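Worksheet: one structure, shown below.
All figures in this text were calculated on a predicted structure; none of them were measured in a lab. Every chain is numbered from 1 and lettered A, B, ... according to where its sequence line falls, protein lines coming before strand lines.
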2 protein chains.
Amino acid sequence: MTGLPALSAADGRVHARYWLETGDDPERTAAVIAGEQSSGTFTAVPGETPALKERSGARVERVHVLGRVGTPSLPTRQRAASYTQCVLDLSWPLANFGVSLPNLMATVAGNLFELRQVSGLRLLDLAVPQAFVDGCPGPAFGIAGTRALAGVARGPLVGTIVKPSVGLSPAETAETVRALVAGGIDFIKDDELQADGPHCPFDERVRAVMAVVREAAERTGRKPMVAFNLTGEVDEMRRRHDLVLMQGGTCVMVSLNSVGLTGLLALRRHSQLPIHAHRNGWGYLNRCPALGWDFAPWQTLWRLAGADHLHVNGLANKFSESDESVIAAARAVLAPLSARNPMAAMPVFSSGQTGLQAAPTYAALGTTDLIHAAGGGILGHPGGIAAGVAAMRQAWQAAVAGVPLTTHATAHAELAQALEVW
Amino acid sequence: MTGLPALSAADGRVHARYWLETGDDPERTAAVIAGEQSSGTFTAVPGETPALKERSGARVERVHVLGRVGTPSLPTRQRAASYTQCVLDLSWPLANFGVSLPNLMATVAGNLFELRQVSGLRLLDLAVPQAFVDGCPGPAFGIAGTRALAGVARGPLVGTIVKPSVGLSPAETAETVRALVAGGIDFIKDDELQADGPHCPFDERVRAVMAVVREAAERTGRKPMVAFNLTGEVDEMRRRHDLVLMQGGTCVMVSLNSVGLTGLLALRRHSQLPIHAHRNGWGYLNRCPALGWDFAPWQTLWRLAGADHLHVNGLANKFSESDESVIAAARAVLAPLSARNPMAAMPVFSSGQTGLQAAPTYAALGTTDLIHAAGGGILGHPGGIAAGVAAMRQAWQAAVAGVPLTTHATAHAELAQALEVW
């Protein structure tokens, strides 16, 4: 955001970058935050010796002033004539918490957002050293494993979400899946609202859907990937995972903010399937510019914990997120966490998507290592689902070839028809 | 906030109340949110029949307009001439998700904060029906169980936090605890930054500290409660809990935002000790008035999941939170979740606390069912720790008796001395 050098954890410490606004002197506020989040507290403590501070203190690596404003971004009891906005880089010795994602979180995103000196604080970036990366499970399948299981060697996985989100019976869900599978789709997911309610119990839904999927796989030689939402308590998730696996399923889905880091870690340690990670609730972490989380540090934690696929919204989406933010999120998900252990996950694009988003998405990312989920963009095709899926693939072929959609459509009937409705 | 009737789940549905700001017609936005969070989506879906909507749709129970503003509270791509602020009540049939805390969370706090029609959204309150309350574990010890284990029949538990937060060795931690225990303190907790780093491994710390605590208990017949921070992965937390139990410990502590609902649930299902729940990170969920969470609905989820103690900051604290907000949080923690199954937790007051906060805290709550943690308020006493603890107790006796501190101090030397430094 500022031309500052990217964070690096090459010194073996954990580094975090924040956007900070303070009515106090920014260097002093930086020192308070560093103290609060390591060996210090509001007042001097007898046991906080220089040796202890040297060993365990957080270090202020950078305070880069961006400017000043007259009004605080967040309500504050500490009024000032002006408020300084700056970039703050902090670092911690790994020994303060060890290789532990939950304790890393309490350190870099704990009791600092509500400090009285702070009228705005946002975690912009996070860099963890090689030893931390290597000690985390990370995605077990990632891009290559997902492609292998879905039988999609190149191009994006073309996907969709079962709708209505909630309310269908297991048999109705299976019928919906039957039509999608017959149309040649690569990927199907539950809505995040569909879990294990009494009208559509998880077990029955999995059995009914997988009967359809297995039948299709036997016929076509390719098994579409279905992400079953197993969000629940740890033992429930493990049991549901085992059922999906036994039924021949190839993916499980979980709502990250509902289960937490420890829930995802427990699932990852148990799972023999890719984990499709849903970020619902992300808005409350992200949408106030002066508070919370950028996507880059947030997704780092979940990839370290084992997410194989991560939702990033989509270009021209129906939410409030800008295209720029969507692309930054997707790039973050694909960026290596370390050279030796990149742990890339597959970005999942969704929300109001059609083939029209193929070219700009590809232009921004330079890869097709992604899941592109469309609802109306596929189901709304006048020729039916198979034609809708074909049109999505044709749009991606055009994007990769650098050919305008209208040109490509002259030789591809499904795409031509789709362009009338997209 | 508005004189509206309190939420009730007496109809067996889950009810949530939001503060909503929208540039669109509020009734239409309410319908969009209700649709998005249940059977609907952005566009009509073939399978969304009237019968399905009746069965599974969320219901708009109330749209109460508060006023209009000219500028959106959050950045939005959907500009309007004015933005309406209102209270929105929604309800869902329990059957959409069943008795599942993680899936309840995805429903009431999922993909709605970033809807394009929304320029502000905050979850104000949550009411879950009796069947949901009864199906959740809730606190296993709560107030009575905590008092019994700590040997404190009446008055608040007077507590403190081991400082420096991080950097002490196990032996140094035990020496700190030795002094506190000798001073007659009721409750000691780890800082949330102190978990299981290589300089202070959890196991060694517990063994060293509990040797001191057991020795004191044998001498005095009362065992101070020590909350060991076992935040970590599920299996780590279970193993650490077992060690604390075996060593005669009486409490474990966990960082809620670090482990997530599923982590707390797993710990609760396993635990034979009270769970001290730390809310670090709460600031990023709460501090933007137009976004995120009020404390009332948030603490409801964690109490249902099994938190016995919940942090609420303290009056005249060193953070940005107002006294009004602190008291509202403490009242929420003490309020019954249902008449049959109240699941009250113990509020934990901390941050810059001394005996000066006893009277206003008691006046606001009318109970001493709480933990009052002070650092300098105890350690800074000129007569030492024992005098500091005595002064805290004397301040609470005065508060309960309705006697001014200065009056009470005439017959209580430790309080009199404390009043010179508090």
Closer than 3.5 angstrom, by distance alone: can the side chain of [X] be matched with the main-chain N or O of [Y] as a donor-acceptor pair?
X	Y	answer
B:S39	A:S165	no
A:S258	B:P102	yes
A:R287	B:G292	no

How long is the straight-line distance from [atom2] of [Y] back to [atom1] of [X], given to the nearest 0.5 Å?
X	Y	atom1	atom2	answer
B:E236	A:N103	CD	CG	8.0 Å
B:N96	A:Q194	CG	CD	8.5 Å
A:T262	B:L265	OG1	CG	11.5 Å
B:S320	A:Q78	OG	CD	10.0 Å
A:E36	B:L193	CD	CG	8.0 Å

Which heavy atom of [X] sits nearest to which heavy atom of [Y], and what is that distance?
X	Y	result
A:A95	B:P198	O-CD, 3.2 Å
A:S56	B:G167	OG-CA, 3.2 Å
A:C288	B:C288	SG-SG, 3.3 Å

Looking at [options], which one has more heavy-atom pairs under 4.5 Å with chain B than the rest?
options	value
A:T76, A:V234, A:L261, A:T231	A:T231
A:M105, A:R55, A:R122	A:R55
A:A266, A:A290, A:A109	A:A109
A:N111, A:N317, A:L112	A:N111

side-chain contact (heavy atoms from CB on, under 4.5 Å) assessment of A:F319 paired with B:R116: CA-CA 4 Å; A:F319 290 96; B:R116 73 193 149 128; 5.6 Å; no
Salt bridge (charged side-chain N to carboxylate O under 4.0 Å, His left out) contacts touching residues 260-269 of chain A (sequence neighbours left out): A:R269-B:E233
side-chain contact (heavy atoms from CB on, under 4.5 Å) between B:L52 and A:L168, intermediate numbers included: CA-CA 7 Å; B:L52 185 145; A:L168 294 178; 3.8 Å; yes
[options]: which one forms the most heavy-atom pairs within less than 4.5 Å of chain A?
options	result
B:G263, B:S73, B:S100, B:A106	B:A106
B:P93, B:G57, B:G110	B:G110
B:S38, B:A195, B:G260	B:S38

Sequence neighbours left out, cut at 3.5 Å: what donor-acceptor pairs do the side chains of residues 277-284 of chain A make with other protein atoms?
unit_1: A:H278; atom_1: ND1; unit_2: A:N280; atom_2: N; d: 3.1
unit_1: A:H278; atom_1: ND1; unit_2: A:N280; atom_2: ND2; d: 3.1
unit_1: A:H278; atom_1: NE2; unit_2: A:E192; atom_2: OE1; d: 3.2
unit_1: A:R279; atom_1: NH2; unit_2: A:E321; atom_2: OE1; d: 2.8
unit_1: A:N280; atom_1: ND2; unit_2: A:S255; atom_2: OG; d: 2.9

Flag side-chain contact, heavy atom, 4.5 Å: A:L291 against B:L291: no
Which portion of A:V118 sits near chain B, non-hydrogen atoms under 4.5 angstrom: both
